[in-house]
Amino acid sequence: RAKRRGRNRSELFDEEMRADAMRLLDLEADLRRAIMHDAFEPHFQPIMRLQDGEQVGYEALVRWNHERRGLLMPAEFIGVGEDSSLIEQVDWLMYAHVVSSMSEYPERYVSINVSPRHFLSDNFADRLLRMLDEADQDPRRLRIEITEVALIEDAPRALRVLRDLRSQGVAALLDDFGTGFSALSYLHRFPIQGLKIDRSFVSGLDGDARTESLALVRAILAMAITLGIDTIAEGIETDRQRDILVEQGCQFGQGYLLGRPQPLQRNGHAGRRRGASMH
Ligand code: C2E
Ligand code: MG
Ligand code: MG
Ligand code: MG
């Protein structure tokens, strides 16, 4: 303390920067170790048809079981993973868990997340299709979630990857839709089977900015209808939000109201409301 008082602002600032950099290096080293012994597990969140509450699928969300810090959420490590390209290795470990659990649940499909750089990396589609083939799983039951960045960074390549996947039955959804560039004019050029309406618009539906959120949601839904593709609302937390979405014609949704992300249960049901796995 006494020592600190003697330092000026910029010295303290340097110290903080150094501490931040050290933390990131530690995290990266931890992540490398975690990859070596596969410390990752998917949690699954149910995706429902909003009209009748029928569960149609799951989204797989990565969790890191850290030896000292417990279960870490993606926000704590995806950034470091993306900067160092370690995310690709994390993703493959995740996908292996997801694919090997595919026959344990009865629902139609499971959705996995792919970081933009990973999606555009060499052999992504081949490797994913091979993984499905080796596990004897139907590619039509797997969907990938990418963001608009992945399309915009290298459009010709993105188009090739999407076509390769699509030709074998793997559908692609645009995640966090509405937060990125939303270059609507060229969306129709990509084989995309659905838009995931970002949580910020959904939570806005019964918040202070409800007029704006409603306008955006309606625009997204209208566009999806024109393109003939699915709409999935993210982060539904209230009955009111769900009701508005149904009223506006949104087909599918997920969120804490409908089910939280959970590890796969032994009987093959994940993410259902508490009690569902008791018998
Ligand atoms: P995302 O794909 O947009 O996933 C939705 C996030 O919203 C998840 O956070 C989910 O737990 C959370 N969520 C769902 N319903 C609600 C709700 O009603 N309220 C609130 N407040 N949140 C809700 P999570 O699991 O922390 O994942 C964050 C992001 O990390 C994901 O966003 C995705 O971009 C990325 N991610 C997750 N798993 C993977 C993975 O295996 N690989 C890669 N590359 N990225 C992943
Ligand atoms: Mg997602
Ligand atoms: Mg999302
Ligand atoms: Mg998101």
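Counting starts at 1 for both ligands and their atoms, in listed order. Because the structure is a prediction, the values reported are computed rather than measured. Residue indices begin at 1 and follow the sequence shown.
Atoms of ligand 1 lying under 4.0 Å from at least one heavy atom of Asp91, given by number and element, are 40 (C), 41 (O), 42 (N), 43 (C), 44 (N). Close contacts between ligand 1 and Glu237 involve ligand atoms 17 (C), 18 (O), 19 (N), 20 (C), 21 (N) [criterion: under 4.0 Å to a heavy atom]. Using a 4.0 Å cut-off to heavy atoms of Met94, the atoms of ligand 1 that qualify are 41 (O). The atoms of ligand 1 that sit less than 4.0 Å from any heavy atom of Ser115 are 44 (N).
Within the 4.0 Å heavy-atom criterion, neither part of His118 lies near ligand 1. Contact annotation: for Lys196 versus ligand 1, there are no heavy atoms closer than 4.0 Å. With a heavy-atom cut-off of 4.0 Å, Val90 does not touch ligand 1 at all. The proximity of Gln254 to ligand 1, defined as any non-hydrogen pair under 4.0 Å, does not occur for either the backbone or the side chain. Contact annotation for Glu82 and ligand 1: no heavy atom of the residue comes within less than 4.0 Å of the ligand.
Atom CG of Asp136 has 12 or fewer neighbouring heavy atoms from other residues, nucleotides or ligands inside a 6.0 Å radius.
Between Asp26 and Arg23, no side-chain nitrogen of the basic residue sits less than 4.0 Å from a carboxylate oxygen of the acidic one, so the salt-bridge criterion is not met. Between Arg49 and Asp230, none of the side-chain N atoms (NZ, or NE/NH1/NH2) sits under 4.0 Å from a carboxylate O, so this pair counts as no salt bridge.
Taking each of Thr179, Asn113, Ile78 in turn, the one with a heavy atom nearest to atom 33 (C) of ligand 1 proves to be Asn113.
Residue contact annotation: Asp198 places no N/O/S atom under 2.8 Å from the Mg ion (ligand 3). Checking Glu234 against the Mg ion (ligand 3), an N/O/S atom falls under the 2.8 Å cut-off.
Distances from the Mg ion (ligand 2) to the N/O/S atoms of Asp175 are shortest for OD2. Nearest to the Mg ion (ligand 2), among the N, O or S atoms that Glu145 has, is OE1.
Assignment of Ala75 to the shell around ligand 1 is not supported, since no heavy atom sits closer than 4.0 Å. Heavy atoms of Glu59 approach ligand 1 to within less than 4.0 angstrom. At a 4.0 Å cut-off, at least one heavy atom of Arg63 sits close enough to ligand 1 to count as contact.
Looking at residues two or more places apart in sequence or on another chain, you find a salt bridge (Lys or Arg N to Asp or Glu O under 4.0 Å) between Glu28 and Arg32.
Between the side chains of Gln45 and His43, no donor-acceptor pair of N or O atoms lies under 3.5 Å.
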Under 3.5 Å, which donor-acceptor pairs link side chains of residues 68-79 to any protein atom two or more places apart or in another chain?
{"from": "Arg68", "atom 1": "NH2", "to": "Asp30", "atom 2": "OD2", "distance (Å)": "3.4"}
{"from": "Arg69", "atom 1": "NH2", "to": "Glu76", "atom 2": "OE1", "distance (Å)": "3.3"}

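Between Tyr95 and ligand 1, no pair of N/O atoms sits closer than 3.5 Å.
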